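Input: a single structure, listed below in structure tokens.
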Protein chains: 2
Amino acid sequence: MTKKRNTIQKALVYEAVNRLKSHPTAEEVYRYVVKDHPNVSKATVYRNLRQLAESVEISELQLPGGAERFDHITEPHYHVRCCKCGRFADVDMKYLPGLPEHITDSNGFAITGHDIVFRGTCPECSGGQTE
Amino acid sequence: MTKKRNTIQKALVYEAVNRLKSHPTAEEVYRYVVKDHPNVSKATVYRNLRQLAESVEISELQLPGGAERFDHITEPHYHVRCCKCGRFADVDMKYLPGLPEHITDSNGFAITGHDIVFRGTCPECSGGQTE
DNA sequence: ATATTAATGAAAACATTTATCAATAAGGCG
DNA sequence: CGCCTTATTGATAAATGTTTTCATTAATAT
């Protein structure tokens, strides 16, 4: 049994995710942390993000489109992604815990959860309509 | 306006996706193609996958967990992903075109579609239960 | 056949994440 | 408090997945 240690780096990463709020990528968390603590390594940020996600202090959003993202909200909720710029946002929609019941055949998978990602165009990108 | 050309490489990539069926990654498509055509470049595979996806001859699945995947089925449908081994499968569940109507606030995004990815454990991985 | 230029192949560049490994420091214990 | 143990760190390299670059090739129109 491996006992975890509380390091300032871990606290910094945790605080960054909570301050940044909007689904930051590991890179964004790193940039936030190094601002005040220039000697923190990027590997440490990745390690702590993973560790915090495992202990459910933050949640890990393996969402489509490039980098993995992290969230200070640990309750399940759904997302939208802009097809043009890749930006993410939360969607205000009731979580559907009963959704897996609609599956007729899941190939023998034991379902434990689900994500919904809507596709769309964000206000910024739909402004200039042509292209 | 750029006119597209029909090349044997594009045909090979298209055929590979159709033969491989099960959500191949670009890498898997590449390996399938080079078997018989060793001089085909990996960049060409990527380029043609993207181009075929744009012209909706195949579909592009930006699903969580590593590499992007491609599918010979162009109708929308949902997926499961094994948390342990990362394997993908189709899920037999009616597509829900009306799902976006449940969104109360989409941050001004114009919704054009959605994906659902169920999380679970595949038969193989749930065999040995204790981790 | 010839000209135009989209598409190719090879390699380098790029982006994201993980592994390596010696050095550091957190927490337990006397 | 100071000493051990070893989890964690920082720096860098490596692995992975994808895109770019650019000179060359070859698809289509004429």
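This structure is a prediction, so every number in the text was calculated from the model and none was measured. Proteins get letters first, then strands, A, B, ... in listed order; numbering begins at 1 in each.
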Atom CD of A:Gln51 to atom C1' of C:dA26: distance rounded to whole Å? 13 Å
Every protein N/O lying under 3.5 Å from an N/O of nucleotides 28-30 of chain D:
unit_1: D:dT28; atom_1: OP1; unit_2: B:Asn6; atom_2: N; d: 2.9

When the distance from CD1 of B:Ile8 to P of C:dT8 is rounded to whole Å, what number comes out? 9 Å
Expressed in angstrom and rounded to an integer, what is the separation of A:Tyr46 atom OH from D:dG10 atom C1'? 16 Å
Could you tell me whether B:Glu60 and B:Arg50 make a salt bridge, using a distance below 4.0 angstrom between a side-chain N and a carboxylate O? no
With a 6.0 Å cut-off on the ring centroids, do A:Tyr95 and A:His114 count as close? yes
Listed once per pair and sorted, the salt bridge (charged side-chain N to carboxylate O under 4.0 Å, His left out) pairs that draw on residues 7-18 of chain A, sequence neighbours left out: A:Glu15-A:Arg19
Hey, which sits more toward the 5' end of DNA chain D by its nearest nucleotide, B:Arg50 or A:Ala43? A:Ala43
Residues A:Glu124, A:Lys84: salt bridge by 4.0 Å N-O rule: no
Between B:Gln9 and C:dG9, is there a contact of a side-chain N or O with OP1 or OP2 at under 4.0 Å? yes
Given atom NZ of A:Lys10 and atom P of D:dT8, what is their separation to the nearest angstrom? 6 Å
A:Leu49 CG to C:dT17 P, straight-line distance once rounded to whole Å: 9 Å
Which of these nucleotides, D:dG10, C:dT18, D:dT18, is closest to any side-chain atom of B:Lys42? D:dT18
Under 4.0 Å between any heavy atoms, over every strand shown, what does B:Glu27 touch: base, sugar-phosphate, or nothing? Just pick one. nothing
D:dA11, OP1 or OP2 - any side-chain N/O from A:Ser41 closer than 4.0 Å? no
Rounded interatomic separation in angstrom, taking CZ from A:Arg69 and C1' from C:dT17: 15 Å
A:Arg47 has an atom CZ; how far is it from atom P of D:dT12, in whole Å? 14 Å
Rounded to the Å, how far apart are B:His37 NE2 and C:dG9 C1'? 15 Å
Counting N and O atoms only, with roles assigned by atom type, does the side chain of B:His77 sit under 3.5 Å from a partner on the main chain of B:Glu75, one being a donor and the other an acceptor? yes
If you look at every heavy atom in B:Tyr32 and B:Ala16, which pair is closest and at what distance? CD2-CB, 3.5 Å
Sequence-distant partners of B:Thr104, side-chain hydrogen bond (donor to acceptor under 3.5 Å, both in side chains), two or more places apart: none
